[in-house]
Structure formats: structure tokens, C-alpha cells
Enquirer: 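Please find one structure pasted underneath; my questions will follow.
Naming convention: chains lettered A, B, ... in sequence-line order (proteins, then strands); numbering from 1 in each chain. All heavy atoms count here, side chains included; hydrogens, waters and symmetry mates do not.
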Protein chains: 2
Amino acid sequence: MSGQTDLTRNQTLVLDTLTKAEGPLSAYTILDQLRGDGLRAPLQVYRALDKLLEKGLAHRLESLNAFVACAHPHCHKSGLIAFAICETCGLVREFSDEVVRARLDDWADREGFVTARTTMEIRGTCQQCASG
Amino acid sequence: MSGQTDLTRNQTLVLDTLTKAEGPLSAYTILDQLRGDGLRAPLQVYRALDKLLEKGLAHRLESLNAFVACAHPHCHKSGLIAFAICETCGLVREFSDEVVRARLDDWADREGFVTARTTMEIRGTCQQCASG
DNA sequence: TCTACGATGTAATGCTATAACGTTATGATA
DNA sequence: TATCATAACGTTATAGCATTACATCGTAGA
Ligand SMILES: [Zn+2]
Ligand SMILES: [Zn+2]
Ligand SMILES: [Zn+2]
Ligand SMILES: [Zn+2]
């Protein structure tokens with residue numbers, strides 16, 4: 001047996017790369033940073049990313065076609081995660097809001113829509129960059 | 001002069017294609033449907049789409065890399081639009097929620113984040129498909 | 001041992017989007 | 001009219017993102 005949270009070598013490499021990064025990385029950027037570790041093909045990265053997304057250790061930013069390490073691993077009580085993305089410095093803030101989640105749940109209930117997952121991405125300028 | 005809402009030939013072709021479609025279309029699918037009308041290159045479609053997005057006549061679904069005609073033209077009072085996307089039948093519902101918008105505005109105010117635009121996409125199964 | 005399963009490696013391909021260039025249509029202005 | 005500026009257009013090439021297909025390997029269970 002063994003814990004179901006163990007990561008393989010490739011998964012660990014990709015997660016470490018994301019964790020050390022200042023901002024979101026594309027799969028191909030991750031690949032480039034891991035060529036020294038023996039990775040050669042996009043699929044090696046995409047497969048690792050798939051598993052990390054499954055486990056909630058990383059997130060995909062749809063509006064950027066890029067990925068980030070989860071900022072709050074093991075702490076996704078709310079089923080909904082929002083991202084604020086600064087278009088100047090690239091910084092990504094991850095947060096959740098119970099009222100928003102409840103409000104969207106209500107909408108889904110009323111409409112009979114069965115929610116699988118929700119993407120919420122706010123693009124703009126962070127305080128640091130806006131005040132500079 | 002003339003109204004600033006007039007569309008060019010390509011813009012009209014693309015918007016008509018989106019309007020007649022049952023669900024979201026990728027730029028390349030739009031292109032394929034318009035080859036009979038003389039369109040030959042992706043850029044012709046992308047340029048038309050850019051203008052349609054600017055004018056609020058179409059929307060981009062980030063999680064699908066696809067586009068839809070706006071369901072409520074001239075009626076985007078709320079700065080935030082949400083989409084519910086059925087992964088079975090492809091149907092897209094467009095709606096907005098003042099409470100959600102206000103809640104996200106509050107978050108941005110507190111954090112000093114200047115919002116440019118927000119993407120909200122709910123993936124799941126519509127009532128029709130869920131009950132079938 | 002045999003088998004099933006998951007992870008891996010590799011090559012090839014497909015899908016999405018933009019850069020860079022030149023041309024054409026239009027409308028304002030001298 | 002001649003000139004100029006602007007916006008849309010057309011075309012080719014290229015960049016960037018993601019998946020299909022197939023072979024291999026290692027391990028756990030029957
Ligand atoms: Zn997270
Ligand atoms: Zn910033
Ligand atoms: Zn709309
Ligand atoms: Zn459906």
C-alpha cells in the first residue's frame with residue numbers, strides 16, 4: 001500500500017518548479033526549466049500537472065493557459081476558488097468567498113444545473129503596481 | 001459620420017455565425033464555416049472577434065478557448081458576467097448576479113486591487129442533460 | 001509466474017493565437 | 001483634386017499550447 005498522496009518523481013519536479021516560481025508558469029516554461037532534470041517532452045509535464053490538479057496541489061489559470069502551485073494546500077473548504085491576477089507584475093492571489101459560493105450554488109439549484117467546477121479569475125492591477 | 005456600432009463585412013459574418021450556432025465555437029471552427037464566404041486565414045476571424053468583444057456583442061469563454069454571441073446585447077448593466085457551460089450538450093447560459101459582483105468589488109477595494117475584467121465560468125451539467 | 005495497472009518515454013500531430021508585411025477603402029483637409 | 005491619416009483587410013509564416021498513439025517499465029496482486 002502506501003499513502004495515496006505520494007508524488008512521483010516527475011510530479012515532484014513540476015510541483016517544486018511551480019512552488020519556487022514567482023508567478024504562473026506555462027507547461028512549456030516548466031518543461032524548459034526541467035530539461036536539466038531529464039524531462040524532454042511536453043507530455044511529461046502535462047501528465048504531472050494533471051495529477052497535481054487532481055490532488056488540489058496546483059491550479060490552472062484558464063485565462064493565461066498557465067499553472068500555479070496551490071497557495072493553501074489541504075485547505076479548500078469552499079468548493080470555489082478565485083484568483084486575482086495582476087497584469088503588470090504577474091502576481092496571483094488565491095482566495096475564496098463563502099457568499100459568492102453560496103450565491104452561485106443558489107443559482108445552480110434554481111436552474112437545476114449540476115456544478116462540476118467553477119473558474120473565477122479577476123484580471124487587473126495589484127495594489128503594489130497600482131500605487132507605484 | 002455614421003453610428004459607431006456599424007459592423008464590417010467580416011465582423012458581420014462572424015457575428016452571424018456565432019448567433020446561429022447552438023453553442024460556443026472556436027475561431028477555427030468559425031473560419032471553416034466562413035470559407036464559402038471568402039475567408040481564408042485565422043487572423044481574419046480573430047480580428048473580427050476582437051472588435052465584437054470590444055463592442056460587447058460576443059464573449060470569449062476562457063475555459064474552452066471558444067466564443068459565443070452575447071445573449072443580452074445592450075444589457076450589460078453589471079460589470080460582471082457569468083457563464084454556465086453544460087459539458088454534455090454544450091449549451092451556455094449567460095447571467096449576472098449583483099451580489100456576487102458587489103462581493104468581488106468589496107474584496108478588490110479591501111486589497112487595493114484594480115479590476116479590469118472578471119471571468120466566471122461554471123462547468124457542469126444542465127438540467128435537461130442531468131434529468132435525461 | 002502471470003496479469004493488470006499506473007507511470008514513463010518518445011515522436012508525431014493537432015489546435016489556438018499572433019507577428020510581420022503589404023494593400024485597400026474611406027474620410028478629412030489643404 | 002491631391003494629400004494625408006486611419007482603419008480594415010489579405011496573406012504568409014511562425015509561435016505557443018495540448019493531445020494522440022504507441023512502446024516500455026516497474027510493481028502489486030492472483
Ligand atoms: Zn488552492
Ligand atoms: Zn502587480
Ligand atoms: Zn453578454
Ligand atoms: Zn446540457
Enquirer: List, with names and distances, any nitrogen or oxygen atoms from the protein found under 3.5 Å away from nitrogen or oxygen atoms belonging to nucleotides 14-19 of chain C.
Expert:
unit_1, atom_1, unit_2, atom_2, d
C/dT16, OP2, B/Ser26, OG, 3.4
C/dA17, OP1, B/Arg60, NH1, 2.9
C/dA17, OP1, B/Arg60, NH2, 2.4
C/dA17, OP2, B/Tyr46, OH, 2.8
C/dA17, O5', B/Tyr46, OH, 3.3
C/dA17, N7, B/Tyr28, OH, 2.7
C/dA17, N6, B/Tyr28, OH, 3.2

Enquirer: Write down the atom of B/Ala108, the atom of B/Thr115, and the distance for their closest heavy-atom approach.
Expert: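 Residues B/Ala108 and B/Thr115, closest heavy atoms: CB-OG1, 3.8 Å.
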Enquirer: Starting from the C-alpha separation in whole Å, work towards a yes-or-no answer on ring pair (Phe, Tyr, Trp, His ring centres under 6.0 Å) for A/His76 and A/His59.
Expert: CA-CA 12 Å; A/His76 283 165; A/His59 300 294; 5.0 Å; yes
Enquirer: Relative to each other, are the rings of A/Tyr46 and A/Phe67 parallel, tilted or perpendicular (30° and 60° limits)?
Expert: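 Aromatic pair A/Tyr46/A/Phe67 classed perpendicular.
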Enquirer: Just how far, in rounded Å, is C1' of D/dC17 from CG of A/Leu61?
Expert: 15 Å
Enquirer: Could you give the distance from CZ (B/Phe83) to CD1 (B/Ile122), rounded to the nearest 0.5 Å?
Expert: 11.0 Å
Enquirer: All N/O contacts under 3.5 Å from nucleotides 5-9 of chain D to the protein, with atom names and distances to one decimal?
Expert:
unit_1, atom_1, unit_2, atom_2, d
D/dA8, OP2, B/Lys51, NZ, 3.4
D/dC9, OP1, B/Thr8, OG1, 2.7

Enquirer: For the hydrophobic clusters of this structure (ILVMFWY residues joined by side-chain heavy atoms under 4.5 Å, transitively), does one cluster hold both B/Leu31 and B/Leu52?
Expert: yes
Enquirer: Nearest whole angstrom, please: distance from the P of D/dG16 to the CG of A/Leu31.
Expert: 13 Å
Enquirer: In whole Å, what is the span from the CG atom of A/Asp32 to the P atom of D/dC17?
Expert: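 Atom-to-atom, A/Asp32 to D/dC17, this comes out as 10 Å.
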Enquirer: Quick check for you: to the nearest 0.5 Å, what is the distance between B/Lys55 atom NZ and B/Asp50 atom CG?
Expert: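 B/Lys55 NZ to B/Asp50 CG: 12.0 Å, rounded to 0.5 Å.
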Enquirer: In whole angstroms, how far is the C1' atom of D/dG10 from the CG atom of B/Asp37?
Expert: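 Those two atoms, CG and C1', are 16 Å apart.
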Enquirer: Does B/Ser131 reach the main-chain N or O of B/Gln127 with its side chain, forming a donor-acceptor pair under 3.5 Å?
Expert: yes
Enquirer: About how many Å separate CZ of A/Arg123 and OG of A/Ser63, when rounded to the nearest 0.5 Å?
Expert: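 If we round to the nearest 0.5 Å, A/Ser63:OG and A/Arg123:CZ are 4.0 Å apart.
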Enquirer: Taking only the side-chain nitrogens and oxygens of A/Arg40, find out if one of them lies under 4.0 Å from OP1 or OP2 of C/dT10.
Expert: yes
Enquirer: How long is the line joining CD of A/Glu62 and P of D/dA18, in whole Å?
Expert: 9 Å
